[in-house]
Chemist: 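Here it is, the structure in full.
Order of the sequence lines sets the chain letters (A, B, ...), proteins ahead of strands, with each chain counted from 1.
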There are 2 protein chains.
Amino acid sequence: MTVMPGRRERKKAATRRKIADAALGLFLERGYDAVGIRDVAAEADVAVTTLFSHFASKEALVFEQDQDFERRLVGAATERGPHEPLIPALRREIHALVRHCTTEEAAPIWRMVDQTPSLREYEESMRMRHADALARAIAADLGLTQTTTVCRAVARFVVEAFSLAREAADPPTAVEEVFTMIEAAWEAARPCAQG
Amino acid sequence: MTVMPGRRERKKAATRRKIADAALGLFLERGYDAVGIRDVAAEADVAVTTLFSHFASKEALVFEQDQDFERRLVGAATERGPHEPLIPALRREIHALVRHCTTEEAAPIWRMVDQTPSLREYEESMRMRHADALARAIAADLGLTQTTTVCRAVARFVVEAFSLAREAADPPTAVEEVFTMIEAAWEAARPCAQG
DNA sequence: TGCAAAACACTAACCGTTAGTGTTAGGTTC
DNA sequence: GAACCTAACACTAACGGTTAGTGTTTTGCA
């Protein structure tokens, strides 16, 4: 069974992007709450059920581009240089991620997220999922087969660093401040990190 | 304008409790997702609109008893002994809160929360609100008029401690582990906590 | 007793989401 | 190329949480 790199996959991806683009356009133009799922489907010239076969929820339409957040975070932990310590590697990645979402093009989206309770909730939930994945990566990095409380805690602190920095007046400085705390927390906990 | 301690307030509180009790009973009996709002309203012998005038959402029905979480957390920070440091006071309160929700009577509710995505999301959102309130309390304790990144960070770490401990196999030990980290983080950040 | 406000009830709907049921198009096999 | 299978898509109808609109009762107070 090969990977089917054919026209079908391209068409599917095109439909998905068409929906996401239509959604983002309408959301930014009229506001998230003022746009209904049926509006988005109509704008993308697609049935409502088709929309929901590509996106699990209305909120997911907004975070379509941020699917790689978790991948990048986990990658920063697992694929770092052989002698680079964990926390600085994560700090570097968080810096990059925060920079990325304060870009000219991404900023309006995040402004919308911050103003929409339902989107905030969704993003908080995503962060917890990302933290879980990061915790597993950190545990594996320590040679553990399961996560410990310390792994889970440091992972959560790291994703909170992203969240706090994103909302701060001076994001890079905020990343530095929070990572100073995380570094200290990690050093204090390393003795019992192994379980 | 006095505080209207009359019959009206008592009746309102009684209706509220009647609804919450009916909801909790049905949720624990049949499962959260298997019970509809209309079922709850019927069981409480109340109109659906009345239910929603007492509770903002279906999820809020479950967390009715935990309205004092934030109050207790903020209280631990603001009303502690004159010479007791901040972090130990918070640690003591988190211990108490975790103990409280692992009680025989509260445990089934939290089991239901953990198994229901919509309730998990709601609780995460509550935690963020509680963290904001705690951050303001901590800032005020430091003589600041606004919260800083460090205040917000330590507040989030504290509410995460609750969350992590609640899910841990050995909650009290988990509280200790996470607070060891928080203590170190706080010490490292104290120099720049003032802004 | 009369009045204003609050609590409550009822209907009907809105909106996100899903089930059920086809229909079409793409890829696979012979 | 014909037969066939699957995935993508469309359509209708509904479910369940939530709210608007409207009216009725209850309560506190003058």
Chemist: Give the rounded distance in Å between these two atoms: CZ of A/Arg30 and C1' of C/dC15.
Modeler: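 The distance from CZ of A/Arg30 to C1' of C/dC15 comes to 15 Å, rounded to the nearest Å.
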
Chemist: Which nucleotide in the list D/dC9, C/dA13, C/dT18 gets nearest to the side chain of A/Thr15?
Modeler: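 Given the options D/dC9, C/dA13, C/dT18, the side chain of A/Thr15 is closest to D/dC9.
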
Chemist: Across the strands shown, which category fits B/Asp45 at heavy-atom distances under 4.0 angstrom: base, sugar-phosphate, nothing?
Modeler: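 Contact class for B/Asp45: sugar-phosphate only.
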
Chemist: To the side chain of A/Ala47, which of C/dC8, C/dG16, D/dA10 is closest?
Modeler: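 Selected nucleotide (nearest to the side chain): D/dA10.
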
Chemist: Run the salt-bridge test on B/Glu70 and B/Arg129 with the 4.0 Å N-O cut-off and return the result as yes or no.
Modeler: no

Chemist: Using only heavy-atom distances, decide whether a donor-acceptor pair under 3.5 angstrom links the side-chain of A/Ser53 to the base of D/dC9.
Modeler: no

Chemist: Expressed as a whole number of angstroms, how long is the span from A/Lys11:NZ to D/dA8:P?
Modeler: 13 Å

Chemist: Is the phosphate of D/dC9 approached by A/His54 (side-chain N or O, under 4.0 Å from OP1 or OP2)?
Modeler: yes

Chemist: For a quick test of your reading: what N or O donor-acceptor pairs under 3.5 Å do the side chains of residues 20-31 of chain A make, sequence neighbours left out?
Modeler:
none

Chemist: Under 6.0 Å from the ring centre and within 45 degrees of the ring axis: does the NZ or CZ of B/Lys58 meet both conditions for the six-membered ring of B/Tyr32?
Modeler: yes

Chemist: For residues A/Thr147 and A/Arg152, is any side-chain donor paired with an opposing acceptor at under 3.5 Å?
Modeler: yes

Chemist: Indicate, with a heavy-atom threshold strictly under 4.0 Å, whether A/Val35 touches base, sugar-phosphate, or nothing.
Modeler: sugar-phosphate

Chemist: Nearest to the B/Lys12 side chain among C/dT17, C/dA7, C/dA9, which nucleotide is it?
Modeler: C/dA7

Chemist: So if I take every side-chain heavy atom of A/Phe52 and compare against C/dT17, D/dG17, D/dA10, which nucleotide ends up nearest?
Modeler: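 So the side chain of A/Phe52 is nearest to C/dT17.
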
Chemist: In whole angstrom, give the distance that lies between atom CG of B/Asp39 and atom P of D/dC15.
Modeler: 13 Å

Chemist: In whole Å, what is the span from the CG atom of B/Leu51 to the P atom of D/dG16?
Modeler: 16 Å

Chemist: Separation of A/Ile37 atom CD1 from C/dT18 atom P, in whole Å?
Modeler: 10 Å

Chemist: With heavy atoms under 4.0 Å as the rule, sort A/Asp33 into base, sugar-phosphate or nothing.
Modeler: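 Contact class for A/Asp33: none.
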
Chemist: Passes salt bridge (charged side-chain N to carboxylate O under 4.0 Å, His left out), A/Arg127 versus A/Glu160? Steps please.
Modeler: CA-CA 8 Å; A/Arg127 279 211 308 275; A/Glu160 294 292 1; 3.7 Å; yes

Chemist: Rounded off to whole Å, could you give me the CD-to-P distance for the A/Glu121 and C/dG16 pair?
Modeler: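 Atom-to-atom, A/Glu121 to C/dG16, this comes out as 16 Å.
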
Chemist: With distance as the sole criterion, do the side chain of B/Arg10 and the base of D/dT27 form a donor-acceptor contact below 3.5 Å?
Modeler: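 Flag unset: no donor-acceptor pair detected.
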
Chemist: Can you measure B/Phe55 atom CZ to C/dA7 atom C1' for me and round it to whole angstrom units?
Modeler: 14 Å

Chemist: Nearest to the side chain of A/Thr49 - D/dT18, C/dC10, D/dA10?
Modeler: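 The answer is D/dA10, which lies nearest to the side chain.
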
Chemist: At under 4.0 Å between heavy atoms, what does B/Val48 touch on the DNA or RNA strands: base, sugar-phosphate, or nothing?
Modeler: base

Chemist: In this structure, how many angstroms lie between the P atom of C/dG16 and the OH atom of A/Tyr32, rounded?
Modeler: 8 Å

